[in-house]
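Before any comments, here is the structure.
Note that this is a predicted model, so its numbers are computed, not measured. Letters go in sequence order (proteins before strands), and every chain restarts at 1.
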Amino acid sequence: MKIRDVYITDYIRTPFSRSRPREPPRDVLGNLRPDEMTALTINEMFDNRLKDKVKPEDVDEFYIGATHFNFEYVTFGGRYPLFLSKFPPKVSSVALDRQCGSGMTCASLGYNNIALGYSDIVIASGQNNATISRNPNRRPTTREIPPAMKPGHELFVDDVVDFRCSYSMLQTAQKLHEMNADVFSKEDNDRFSVRSHKLAAKAQEDGFFKDEIVPIMGHREGDEDEPMLIEYDTSVRKNATYEGTKDLRGLSTPGWAGGYYRPLMTKEEYVETFGTEQGLITAGNSCPTNAGTATLMLMSEEAMKKYDLDPLARIISNGFGAVDPTVMGRGPVPASWMALKHAGLTTDDIDCWEINEAFAIVGLNWIHEMGLDDRMDDINIKGGAIAIGHPIAATGPRIVGTLARILKERKQKYGLATMCCGGGQGTAMIIENTDA
Amino acid sequence: MKESKDVYLVDHVRTPFSRANPLDPDDDVFSKKQGLEFVAHVLIDMFDNRIPNSGSSLKREDVSEVLVGSALLQHEHGTFGGRIPIFMAKFPFHVPATVFDRQDGSGMTTLHVGFANISMGYSDVVASVGFDQFTRVPLHTYGGKVTVYGIPPDKFMLDPENKWYNDDLYDWKTSRLLYQAAQKLAEEEADNISKDDMDEFSIRSYNLAEKSLENGYFKEEIMSLKGHEGGNPENEIEIRADQSINKGVTLESIAKMPSISTPGWAGGYKNPVISKDAYVTRFGTEEGIITAGNSSPLSDGASLCLLASKNALDEYKLKPISKIISIGYAGVDPTVQGRGIVPAAQMALKHANLKSEDIDFWEINESFSVVAINAANKLGIDWENKMNIHGGALAIGNPISATGLRITTTLARILKEKNAKYGLAAMSCGGGQGTAVVIENLD
């Protein structure tokens, strides 16, 4: 069977609001269910953007990604968000979880099914709202200690997996930074974060995000009774400076203080290297938690012609890989190499990159391991999750969609978007601007 | 342009299926086993026992990805993106995972995704696992008692004041209660399927499964797993057989079972398709016609199918059982979710370039008798001779996400046993979907 070409024909998202699980009224989108936000964006896509061209009933498949399926995230096999989005029942649906990579995996599976001729039009969405329904810290909310963590149980693996570290993204970032002690200082991290805020603020000012964001009715910060149209990502800090970032309190625990099993450095080495006893991961060099959804529309060439749509980009390949969950931030490395291998491209062929900034150290580590240290002008040029926010499963479709728009703007050809996933995985996708 | 690659089913294993009982957990022989343990155990059995014994050199580190499916990913079924069960099964960290929910079709969807990733050249060896554990993580409603692990958007979509109200369209009570969806399907098909047909179909399934159990037919696909007996978790024993297959069930005993569904005329679902008079005339009763006898029991367990590319067959000396020819999926009205089998099977047939009459054996999941009979009618299946010939979920049990991989496994074995070429396995999914797969026996 011939493998067909697959195109991204539309990309849309909500603004990303900062999650406030402890003070819900302060999250301006905190009252919206995640499936409700997904439906709002998809309704906008079909009612306005694609009006009279493609209709919901023309879609073959709907994929929805989320990082857990408790509480409001129950999807009934993807049916709840599907029906809220006004798709008719004949559209099939799947809900999936690959943690942070859930949304990008949705796009990968849609790409597969179109390439193989099983589907012509696929909608791939990712959703998250940590305020309305607190993500139970991603760990299974079980009535007893899971066997994997119960010493003496035949399935006990905590000595290897180190769940306390693996479950806490902060700790995984701390460990990753300690692994990179010879390469990156805390200052590198903090400066990378400030760069993200500056670039995102500039892109916001230039109106770059307007074409991808659907304004959504939320409420004024702190006052749930006062409706307000939310049009911008609320985490971007225009005035971020290195001076204001460098002294933020360390939120993570270093290995020497028991932050993870089998510390890489002694206390003395740590203090000598980093000039502090504290953890290195702060609110400044990690991404915030956010509410939001993002959606990609994928099409076969036939469908694109039939419905008279222009491609945003062509999908060239995807990649996925897995790593030690205690340093989950390394996941984008094997995923990116896999995507490059399948595309038959080298890093020199890629014009523009999006690496998800779960933490500054994740971005820096990936840049270094991929040998892209001198390519900073082509990486996350509109800012990243540290500023824009990271509504976990929604970020995959966002960075792929944003990358497609950047390639158009810069009239460049190839782009690679990649991200790490809690639990120790990575996903990647290579796209091509067909105009270039 | 690149060509897609061939995909083979190379091995399979499943746990015994126990009978779920969330209201009296100790009654379930596996009540102490978490769902993720089932997943770990089938993976461990595959890589510690079956693969080495088969003479293959395949090891855990050679697996491209592990895909896990479950209809209920709430509560202790949180998998951390599929990683926890594969850590427990001692897979090295470089093996990726993903977890899926397509309700009943979750397990078969892992097969679809593995098939697609191998076809596209992204993976070489994929372990697809489906599991459910209804005793510990029950459905939203069970036995009349609501046991919710998660807040489905009921109020949200059921409240006419809410802007997302859509209950007129989707009749959520019927859509969520699968026995009501079966009742509605039975009423829509009143001209084609009677209550007796349904009960007789159940007896057939019971008899065939009982015979298969006696012949030891299932032994080849089932691993043994520690459980308990006599309703006492202290009495540990090895469980080696499915727990729902009842012996000595007769048509009389099935026909007398009490109704569990409410007919449309009595408000069982919205916009009844037949009047009370027509209902009584047709079915000879005022009561609902779905009973415990003609619906599948909920069970706990997991199934695994191992898929491989041609390259992997050669490299690891794996012997293919079947080639996967095509997949199918579709959505239907969720209030008659059982119809999902038909368009999904048609899609798989179309992509395989085959017609119904080309299929030698079928496995059509028996979530309810009426669902299987309707699919057989619509797809033109000679069900007495060609469908579910070793019994189905009515007798064997339905740990729903594990079932898709069980029927695919059984189908592959049947094709070998009968020296037949093509087989199609399909199932309906709660929420109104269907999944299907066409396989070819390489001998």
Side chain / backbone / both / neither for [X] at chain B, heavy atoms under 4.5 Å:
X	answer
Ser108(A)	neither
Ser102(A)	neither
Asp158(A)	neither
Ala335(A)	neither
Glu36(A)	both

Chain B shares the most heavy-atom pairs under 4.5 Å, among Tyr111(A), Phe156(A), Phe87(A), Tyr63(A), with Tyr111(A)
Tell me which of these, His153(A), Met338(A), Lys90(A), has more heavy-atom pairs under 4.5 Å with chain B than the rest. Lys90(A)
Please determine which of Asp324(A), Val323(A), Thr326(A) meets the side chain to side chain contact (heavy atoms under 4.5 Å, CB included) test together with Phe93(B). Asp324(A)
Selection residues 319-341 of chain A - residue pairs positive for ring pair (Phe, Tyr, Trp, His ring centres under 6.0 Å), sequence neighbours left out: none
Do Trp172(B) and Tyr80(A) make the cut of ring centroids closer than 6.0 angstrom? yes
Would you say the side chains of Tyr118(A) and Ser326(B) form a donor-acceptor pair under 3.5 Å? no
Hey, what do you get for NE2 (His68(A)) to CZ (Phe80(B)), rounding to the nearest 0.5 Å? 12.5 Å
